[in-house]
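Every number for a ligand or one of its atoms is a count from 1 in the order of the listing.
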Amino acid sequence: MSTVEIRDVRKSYGQLEVIHGVSVGIADGEFVALVGPSGCGKSTLLRMIAGLEDISGGEIAIGERVVNHVAPKDRDIAMVFQNYALYPHMNVRENMGFALRQRRLPRAEINARVTDAARILGLEQLLDRKPRQLSGGQRQRVAMGRAIVRNPNVFLFDEPLSNLDAKLRVQMRSELKELHQRLGVTTVYVTHDQIEAMTLADRVVVMNGGVVEQMGPPLDLYDRPQSLFVAAFIGSPPMNFFQGDVEGDATLVLDDGHALALPVPVPGEKGRVTLGVRPEHIHLANEGWPAVVSVIEPTGSETQITARIGEHVVRVLVRGRTEARPGETIHLAARPGDLHVFDGGTGRRREMAP
Ligand SMILES: Nc1ncnc2c1ncn2[C@@H]1O[C@H](COP(=O)(O)OP(=O)(O)O)[C@@H](O)[C@H]1O
Ligand SMILES: [Mg+2]
């Protein structure tokens with residue numbers, strides 16, 4: 001097993017720089033997810049770790065060794081892609097052993113490793129089948145098996161679940177997590193899906209436009225997003241935002257003139273801010289911000305309420321059911337600790353008074 005150190009790494013294609021100095025230290029055995037919108041540079045960074053792209057600046061070390069100029073096959077990594085195309089004419093056993101045969105490992109060693117990986121992945125009964133005789137989830141497991149048999153120091157995943165349907169994706173997600181708990185191999189996992197990143201990783205690195213916006217344990221990102229970008233990206237349904245001007249100590253005047261009374265003073269300079277509050281952190285109260293209900297969406301376990309404060313649409317998620325009905329005026333409240341304030345200019349977080 002191994003650490004991975006990414007030190008001020010840059011990547012340019014011709015004149016165009018797409019990764020602008022990224023530094024991430026990954027501990028031995030850690031599961032780190034790189035997450036961000038399409039085009040932010042996740043795959044490029046992963047491919048630089050794998051050795052599939054040149055590094056334009058900075059350093060990547062796997063274990064003690066700087067690998068900038070080490071060939072992919074000598075990096076002790078195994079990568080699983082979104083398009084994990086199995087060889088259609090080979091059965092599962094042959095697919096899983098392919099890379100080892102290429103490396104000319106002894107037959108007995110290959111058999112032992114394939115058998116072991118098949119047991120870990122629950123593929124023992126399927127070893128003689130061809131890919132077309134497998135379900136999507138089973139094929140994905142074989143792709144994982146191909147990586148496991150190589151016994152790498154680091155696993156690299158690039159959106160490995162994106163081609164699966166929603167239900168299977170959730171199932172494979174938890175299988176992956178269990179696998180990591182069992183094998184404990186250092187893992188870098190790329191996804192655009194924040195739920196996948198949050199549920200799988202020990203630490204999440206949020207990328208935006210070729211830079212790291214924030215990294216930390218999943219719940220740190222959820223509890224204390226350091227920028228508007230992270231606040232908007234992490235959480236589902238997404239955080240509600242209110243742009244406005246702070247007046248007095250604790251009043252936010254929205255652009256349509258509506259005034260929101262806040263339960264605590266806004267820290268820092270007055271002026272323009274964005275207030276954020278998650279749908280699940282708003283509750284219905286006797287007193288609070290008056291809002292007119294527009295839509296009620298029950299799922300049984302919870303209910304999403306869409307309401308309007310003036311022009312402003314607010315989403316509220318309540319556990320269980322609600323008596324509220326469309327057209328009715330409700331009152332919305334949140335605990336002070338659940339309010340997030342971001343600077344109107346920089347978009348950076350301002351810490352609320354405790
Ligand atoms: N071979 C290439 N040549 C030029 N630009 C590229 C190349 N590969 C990726 N890019 C650009 O680099 C940026 C990051 O791409 P990528 O790492 O694939 O993003 P992500 O995986 O986060 O969706 C994008 O703007 C993309 O267009
Ligand atoms: Mg990508």
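Using a cutoff of 4.0 Å between basic side-chain nitrogens and carboxylate oxygens, D343 and R348 are not scored as salt-bridged. The existence of a salt bridge linking R173 and E196 is excluded, since no basic side-chain nitrogen approaches an acidic carboxylate oxygen closer than 4.0 Å. Using a cut-off of 4.0 Å between Lys/Arg side-chain N and Asp/Glu carboxylate O, R119 and D116 are scored as salt-bridged. A salt bridge is defined here as a Lys NZ or Arg NE, NH1 or NH2 lying under 4.0 Å from an Asp or Glu carboxylate O, and R272 with D255 meets this definition.
Ring geometry for Y189 versus F157: interplanar angle of 30 to 60°, hence tilted.
The closest protein non-hydrogen atom to atom 23 (O) of ligand 1 is G39 N, 2.7 Å. Shortest contact from atom 9 (C) of ligand 1 to any protein heavy atom: Y13 CE1, 3.6 Å.
Counting heavy atoms under 4.0 Å from ligand 1, residue T44 touches it through both backbone and side chain.
Taking distance alone, with nitrogen or oxygen atoms compared against 3.5 Å, V18 stays at or beyond that limit from ligand 1.
For atom 7 (C) of ligand 1, the protein comes within 4.0 Å by at least one heavy atom. Distance check on atom 27 (O) of ligand 1: every protein heavy atom falls at or beyond the 4.0 Å cut-off.
Across S43, C40, S38, G14, heavy-atom proximity to atom 21 (O) of ligand 1 is greatest for S43.
Judged purely by atom type and a 3.5 angstrom limit, K42 uses its side chain to pair as donor or acceptor with the backbone of P37.
When distances to the Mg ion (ligand 2) are checked against a cut-off of 2.8 Å, Q82 contributes no N, O or S atom below that limit.
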